[in-house]
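One structure below.
All of these numbers come straight from a predicted model, not from anything done at the bench. Whatever order the structure lists them in is the order used to number ligands and atoms, beginning at 1.
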Amino acid sequence: MAELEKLQMYIGGQRCDAASGETFESLYPFTGKAWATVPRGGAEDVDRAVAAAKKALTSGDWPAMTPTQRGHMLRKLGDVLAKNAERLGKLEVQDNGKLIAEMGLQTQYSAQWYYYFGGLADKIEGSVLPIDKPDTFTYTRSEPLGVVGMITPWNSPILLLTWKLAVALAAGNTVVVKPSEFTSASTLAFADLVEEAGFPEGVFNVITGYGAEAGEALVTHPDVAKIAFTGGSKSGTHVYERAAAGLKKVSLELGGKSPNIVFGDCNLENAVKGAISGIFAATGQTCIAGSRLLVQENIHDEFVDKLVDFAKTAQMGDPMSMDTQVGPVTTIPQYEKILGYMDVAKEDGAECVMGGTKADRPECGDGWFVEPTVYTGVNNKMRIAQEEVFGPVLSVIPFKDDEEAIEIANDVEFGLAAGVWTSDIRRAIEVPKRVQAGTVWVNTYRAVSFVAPFGGYKKSGLGRESGQAAIEDWMQTKAVWISTSMETPNPFVLR
Ligand code: NAD
């Protein structure tokens with residue numbers, strides 16, 4: 001048996017094991033075999049990482065740097081990341097089983113966030129206030145929050161870290177990140193790139209471990225000013241409650257049950273591709289999955305036939321092959337959860353027109369594969385329409401007209417994203433206004449950018465990542481008052 005790679009945490013610029021010396025294994029979802037060991041960090045490790053970040057915040061080169069210098073360093077990090085994108089993408093595939101065809105490009109594109117927020121670092125201005133007091137000069141400064149904690153999920157580790165990290169560093173914070181226990185490797189490797197870009201030690205730290213141990217210790221640490229969390233709604237709610245006890249700022253990027261709404265007047269071929277990209281890309285393991293496909297009654301049957309014909313051509317198998325289109329499920333619990341939802345759909349009376357089982361194909365080897373699955377006859381009250389499956393499982397729901405489409409679209413506790421397919425300009429403008437979601441795509445799906453704010457309505461989260469305004473969530477405002485008076489007035493009254 002090949003020897004497992006031994007991964008180490010990154011604290012204060014040094015590689016280290018967990019204080020306990022304990023580790024756990026990381027598995028490759030395509031083979032189901034362990035390929036690396038990961039330190040099982042706990043409270044003691046979090047203490048050390050937070051102490052290193054606190055030191056870097058107040059002493060040494062980082063606080064002395066001008067915003068322009070920080071911006072240069074961020075752009076350098078973008079360059080280093082772009083240069084290493086392929087290697088990092090492969091590491092992600094090894095950990096999460098998503099496709100190399102997507103992860104390489106995604107990692108390459110992540111560099112853009114460092115360029116964008118690097119450019120923004122020296123454009124955050126305070127103001128001189130037209131204060132209503134004589135002999136007084138009052139101005140505001142935007143300052144970093146301090147040490148910030150980041151907790152990321154397993155589906156796109158570098159991209160989702162980047163959405164937080166680029167902006168947090170641009171604002172001058174120092175960082176402790178805990179990646180998912182299932183996918184720690186790329187974040188650990190990324191620490192080398194941060195070092196290569198020249199960031200002072202302690203500015204960026206990585207602790208690994210389980211949510212209930214390392215994650216919990218980070219969320220409750222008294223010296224952490226903010227927790228930026230991406231993950232499931234259940235753990236997100238728990239993190240919110242725990243962080244509230246310490247009065248920490250919190251941002252949450254959580255799950256979704258996004259409606260992809262297909263109107264009868266759409267370009268059918270494009271809409272079929274949009275539906276496919278909404279649910280089968282990334283094996284459906286994305287928060288923005290268009291897992292509820294709302295199809296207007298007059299095209300329902302024709303649309304479903306076309307969709308199933310197209311979906312049947314999807315190639316499954318080795319995620320490291322550029323030809324593979326649907327890869328394995330990332331984790332065993334997730335695999336079991338998806339299969340469980342297939343039972344739920346059957347019990348609820350949904351009609352399975354494609355898939356509905358685990359995948360038993362030679363090209364899938366020992367990996368945790370499920371068949372791309374389509375259910376029709378779904379009623380929006382069914383669990384399969386209300387709960388996030390996080391897999392390649394599509395619920396098709398028919399609707400009559402615009403009113404009914406919008407009602408169904410919004411009748412869910414989530415509000416992360418939505419798609420609208422139409423060639424009617426009125427619908428293209430009016431429907432997005434009424435859909436309760438942080439992102440609405442019209443005649444496209446699954447597009448993201450550093451320029452566009454991203455986040456959830458309702459139970460899909462709190463706060464926005466990306467876009468210029470995001471930087472405000474990583475800073476705090478100070479008002480500075482300077483008296484130019486020669487005399488201090490009555491000290492017993494409010495001035
Ligand atoms: P998860 O909630 O199980 O884990 C996410 C992270 O939280 C992991 O690092 C985990 O260790 C940590 N964690 C778990 N319990 C914790 C606790 N008590 N305290 C502190 N940390 C804790 O989610 P997952 O299964 O890794 O990811 C899938 C979920 O993430 C899906 O629901 C998906 O929709 C969501 N997601 C959302 C977005 C978004 O931007 N809105 C993006 C990607 C994924």
- Query: Going by the order shown, which atoms of ligand 1 are within less than 4.0 Å of some heavy atom of V239?
  - Reply: 19 (N), 20 (C)
- Item | Side chain, backbone, both or neither: the part of T331 lying under 4.0 Å from ligand 1 by heavy atom | neither
- Task: Please state which part of I288 comes within less than 4.0 Å of ligand 1, counting heavy atoms only: side chain, backbone, both or neither.
- Result: neither
- Check ligand 1 against L416 and write out every atom of the ligand that is under 4.0 Å from a heavy-atom position of the residue. 41 (N)
- Query: Would you say ligand 1 has an N or O under 3.5 Å from any N or O of E388?
  - Reply: yes
- Message: Does any N or O of ligand 1 fall below 3.5 Å from an N or O anywhere on S235, backbone included?
- Response: yes
- Query: Using heavy atoms and a threshold below 4.0 Å, how should the contact between L160 and ligand 1 be classified: side chain, backbone, both, or neither?
  - Reply: side chain
- Cationic N near anionic O, under 4.0 Å, D473 to K226: no
- Query: Between E216 and ligand 1, which part of the residue brings a heavy atom under 4.0 Å of the ligand: side chain, backbone, both or neither?
  - Reply: both
- Top protein contact for atom 19 (N) of ligand 1, by heavy-atom distance: G211 O, 3.3 Å
- Query: Using the benzene-type ring in the case of Trp, are the ring centres of Y210 and F24 under 6.0 Å apart?
  - Reply: yes
- Message: List ligand 1 atoms under 4.0 Å from F454, heavy atoms only on the residue side.
- Response: 40 (O)
- Message: Given 3.5 Å as the limit, does a donor-acceptor pair link the side chain of T286 with the main chain of A289, or not?
- Response: yes
- So, the side chain of K164 versus the backbone of V177: is there a donor-acceptor pair under 3.5 Å, distance only? no
- Aromatic ring pairing F390/W154, orientation class (parallel under 30°, perpendicular over 60°, tilted between): perpendicular
- Query: Considering only heavy atoms, does S156 approach ligand 1 within less than 4.0 Å through its side chain, its backbone, both, or neither?
  - Reply: neither
- Using a strict 4.0 Å threshold on nitrogen-to-oxygen distance, state whether R361 and E371 make a salt bridge. yes
- Query: Which protein heavy atom lies closest to atom 42 (C) of ligand 1, and at what distance to 0.1 Å?
  - Reply: C287 SG, 3.0 Å
- Can you tell me which residue and heavy atom of the protein come closest to atom 7 (O) of ligand 1, and the distance to 0.1 Å? F229 CE1, 3.1 Å
- Message: Out of all atoms in ligand 1, which are within 4.0 Å of some heavy atom of P179? Include the element for each.
- Response: 9 (O)
- Number the atoms of ligand 1 from 1 as they appear, then name those within less than 4.0 Å of a heavy atom of F390, with their elements. 28 (C), 31 (C), 33 (C), 34 (O)
- To which protein heavy atom is atom 23 (O) of ligand 1 closest, and what is the distance rounded to 0.1 Å? G232 N, 3.3 Å
- Could you name the option among T230, T187, N155 that has the heavy atom nearest to atom 5 (C) of ligand 1? T230
- Message: Students should be able to answer this: which protein heavy-atom is nearest to atom 8 (C) of ligand 1, and at what distance?
- Response: T152 O, 3.4 Å
- Message: Polar contacts were defined as any N/O atom of the residue lying under 3.5 Å from an N/O atom of the ligand; does this apply to S460 and ligand 1?
- Response: no
- Which of the numbered atoms in ligand 1 are below 4.0 angstrom from a heavy atom of H238? 18 (N)
- Message: For atom 11 (O) of ligand 1, what is the closest protein heavy atom, and at what distance to 0.1 Å?
- Response: E181 OE1, 2.6 Å
- Message: What protein heavy atom lies closest to atom 20 (C) of ligand 1? Include the residue and the distance to one decimal.
- Response: G215 C, 3.3 Å
- Message: If you count heavy atoms of other groups shown closer than 6.0 angstrom to OH of Y240, is the number above 12?
- Response: no
- Salt-bridged, K98 to E92, with N to O below 4.0 Å? no
- Query: Could an N or O of ligand 1 be found under 3.5 Å from any N or O of I151, whether backbone or side chain?
  - Reply: no
- Check ion pair E336-K358 (N to O, under 4.0 angstrom): no
- For E388 and G255, which heavy atoms make the closest approach, and how far apart are they? OE2-CA, 3.4 Å
- Hey, is NZ on K459 packed in by over 12 heavy atoms from elsewhere, all under 6.0 Å? no
- Message: With a 4.0 Å cut-off on N to O distance, would you call E86 and K90 a salt bridge?
- Response: yes
- Message: What I want to know is whether W154 and ligand 1 share at least one N or O pair that is separated by under 3.5 angstrom.
- Response: yes
- Message: Please determine whether a side-chain nitrogen of the Lys or Arg among D411 and K381 lies less than 4.0 Å from a carboxylate oxygen of the Asp or Glu.
- Response: yes
- Message: Taking the basic N atoms (NZ, or NE/NH1/NH2) and the acidic carboxylate oxygens, is any pair closer than 4.0 Å for K83 and E196?
- Response: yes
- Query: So, N205 side chain and G12 main chain: donor-acceptor pair closer than 3.5 Å or not?
  - Reply: yes
- Between F182 and ligand 1, find which residue part has any heavy-atom pair under 4.0 Å and reply side chain, backbone, both or neither. neither
- With a 4.0 Å cut-off, would you call E213 and R40 a salt bridge? yes
- Query: Who gets closest to atom 35 (C) of ligand 1 by heavy atom: G231, G255, P153?
  - Reply: G231
- The closest protein heavy-atom partner of atom 41 (N) of ligand 1 is L254 O, 2.7 Å
